Each structure stands twice: as C-alpha cells, then as structure tokens.
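Numbers here are sequence positions counted from 1. Because the structure is predicted, anything quoted here is derived from the model rather than measured. In what follows, every heavy atom counts, from backbone to side chain, and hydrogens, waters and symmetry copies are set aside.
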Amino acid sequence: MILVQTQLDMLSEISRTLSSGDLAEFNKMIAGRRVTAVLLGSLNETSMSIIHNGKVLATGGSNECLWFVTSKYVDSLTPRERLQMLNLLKEHLETCRARMEPELMSNLVWEGNAQHIRLLEHLGARFADHTVTSPAGFPFRQFWL
C-alpha cells in the first residue's frame, strides 16, 4: 500500500469505483454533477492517492479545502490493511497540517455517510454542533482535521 501523486487514470478509475457512501454524498451535495468532471477539476499538485494491489483505494487533495473520497475496494480490506491505510492517511494529514492554513483543514460530510464519518473520527476530526443544508437539500456537518 502506497501513497502517490494522483494521475488522471487514477481519477478515472475512482470515479467508476466510488464507495456507495461517497457516491451518495456526492449526489446529495449538488444534484446533477458528473463525478469524473468534478474529480478532474480538483486535480492539482496537492492531489494524492492510496494504491493497493494496483487499485485506487482513496484519492484526495487540498484545493481550497481538505477533501478525499474512497473506492468500493476499501470494503474488501483486511483489518490489518485498514490500519495500514489509516496510518497512511494520518501521516499525510500531518504533511497537510504543516503546509496548510488551519481554516483550509475543513470540509463538509453528509450525515448519512456513516463510513466516511467513522474514518474522519479515526483521523481525529472535530464536528460542528449544527448541520447545514446542501444545495440539493440534505443535511451536512462541517468538520475540521
């Protein structure tokens, strides 16, 4: 399992293999968007991906906020592999903290995306006390890492 600079083909792959929770969250934020177009628009020098056995497990970056999505392949990881992924994310988070302004270490998560919320909790996220309604009409909660 490695953390690498994201390439176009990685974004193409993860747009087809998004976890069910992340795909639902994507659609509940703003209706009618295309996953591939949004991910390609987010690609920049901060974009990183976690690769395991030739598959993209997660992709993210820090263009105006901290963001990441996971693929359906995360569901098939062993407990040991999940811990390895979590440790990679924690290490990368420290890199982000060292180079980013604290207010950029934030984003929103859909309240129905339990898997993503659990991952954020493992990473030490703090959550707002209140929800905000997305443009598509669903409850989201701001978090800070």
Side-chain angles (χ1 to χ4, degrees), residues 1-6 10-52 55-145:
M1 192 175 298
I2 58 172
L3 180 70
V4 298
Q5 190 76 46
T6 300
M10 295 173 191
L11 291 181
S12 179
E13 177 185 333
I14 203 162
S15 70
R16 293 185 313 272
T17 62
L18 270 183
S19 66
S20 59
D22 285 354
L23 181 57
E25 180 173 312
F26 178 84
N27 291 319
K28 290 181 184 317
M29 175 54 84
I30 300 172
R33 298 181 300 166
R34 290 184 38 243
V35 173
T36 304
V38 171
L39 289 178
L40 289 175
S42 299
L43 182 64
N44 67 19
E45 68 280 351
T46 69
S47 301
M48 301 295 288
S49 294
I50 296 176
I51 309 297
H52 181 61
K55 296 178 180 165
V56 180
L57 297 180
T59 297
S62 55
N63 189 14
E64 299 179 10
C65 65
L66 199 61
W67 67 273
F68 67 92
V69 292
T70 58
S71 74
K72 65 182 180 181
Y73 302 123
V74 171
D75 293 338
S76 62
L77 295 177
T78 66
R80 183 176 181 200
E81 291 167 334
R82 285 179 184 269
L83 184 58
Q84 187 178 6
M85 181 178 162
L86 181 62
N87 286 334
L88 274 176
L89 286 170
K90 284 181 176 179
E91 288 171 17
H92 183 61
L93 185 57
E94 289 308 313
T95 301
C96 292
R97 283 188 179 121
R99 69 172 173 25
M100 291 176 64
E101 296 297 321
E103 65 271 9
L104 297 180
M105 298 291 294
S106 179
N107 206 333
L108 300 171
V109 63
W110 170 50
E111 287 206 322
N113 193 348
Q115 184 180 30
H116 203 144
I117 291 170
R118 277 194 309 275
L119 180 55
L120 288 167
E121 289 171 343
H122 284 298
L123 291 171
R126 292 175 291 106
F127 296 87
D129 293 331
H130 61 283
T131 62
V132 295
T133 302
S134 72
F138 294 90
F140 278 71
R141 192 170 300 272
Q142 187 171 7
F143 66 87
W144 296 268
L145 284 166

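- Ring pair His116/Phe143 is tilted by interplanar angle, where 30° to 60° counts as tilted.
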(request) Show the numbers, then the answer: is there a side chain to side chain contact (heavy atoms under 4.5 Å, CB included) between Val74 and Ser19? (result) CA-CA 8 Å; Val74 171; Ser19 66; over 6 Å; no
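- In this structure, His52 and Leu77 have side chains that are in contact, with non-hydrogen atoms separated by less than 4.5 Å.
- Listed by chain and number, the residues in a side-chain contact (heavy atoms from CB on, under 4.5 Å) with Thr46 are Asn44, Ser62, Arg99 (sequence neighbours excluded).
- Here the straight-line distance linking atom OG1 of Thr95 with atom CE of Met100 works out to 11.5 Å at 0.5 Å rounding.
- Side-chain atoms of Glu13 come within 3.5 Å of backbone N or O of Val56 as a donor-acceptor pair.
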(request) Report the C-alpha separation of Phe138 and Glu111 in whole Å, then their side-chain angles, then the decisive distance to 0.1 Å, and conclude whether the side chain to side chain contact (heavy atoms under 4.5 Å, CB included) test is met. (result) CA-CA 8 Å; Phe138 294 90; Glu111 287 206 322; over 6 Å; no
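- Within the 4.5 Å cutoff, no side-chain heavy atoms of Ser71 are placed close to those of Lys55.
- Between Leu93 and Met105, some side-chain heavy-atom pair lies under the 4.5 Å cut-off.
- Between Val69 and Glu25, every side-chain heavy-atom pair lies at or beyond the 4.5 Å cut-off.
- With sequence neighbours excluded, the residues that form a side-chain contact (heavy atoms from CB on, under 4.5 Å) with Thr78 are Arg80, Glu81.
- Partners of Arg97 under the salt bridge (charged side-chain N to carboxylate O under 4.0 Å, His left out) rule, at least two apart in sequence or in another chain, are Glu94.
- In this structure, Ala136 and Asn27 approach most closely via the heavy-atom pair CB-O, 4.1 Å.
- Smallest separation of non-hydrogen atoms from Leu86 and Leu119: CD1-CD1, 3.9 Å.
- For the atom pair Asp75 CG and Ser20 OG, the distance stands at 6.5 Å (nearest 0.5 Å).
- Without hydrogens or angle criteria, Arg141 side chain to Val109 main chain gives no donor-acceptor distance under 3.5 Å.
- Within the 4.5 Å cutoff, the side chain of Phe68 has no heavy atoms near those of the Met48 side chain.
- Remark: the backbone N or O of Lys28 is paired with a side-chain donor or acceptor of Ser134 at under 3.5 angstrom.
- Among the candidates Val35, Thr59, Thr6, Thr70, the single residue satisfying the side-chain contact (heavy atoms from CB on, under 4.5 Å) test with Ile14 is Thr59.
- Here the straight-line distance linking atom CG of Asn113 with atom CZ of Phe26 works out to 13.5 Å at 0.5 Å rounding.
- Closest non-hydrogen pair, Leu57 versus Met85, comes out as CD1-SD, 4.2 Å.
- Summarising the geometry, atom CG belonging to Leu123 is positioned 10.0 Å from atom CD belonging to Glu121; distances are rounded to the nearest 0.5 Å.
- From Asp22, atom CG reaches atom NZ of Lys72 across 14.0 Å, with rounding to the nearest 0.5 Å.
- Note: Ser106 OG to Gln142 CD = 3.5 Å, rounded to the nearest 0.5 Å.
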(message) Run Ile50 and His92 through side chain to side chain contact (heavy atoms under 4.5 Å, CB included) and show every step you take.
(response) CA-CA 11 Å; Ile50 296 176; His92 183 61; over 6 Å; no
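- Trp67 and Ser47 make their closest contact through CZ2-OG, 4.5 Å (heavy atoms, listed as atom of the first residue, atom of the second, distance).
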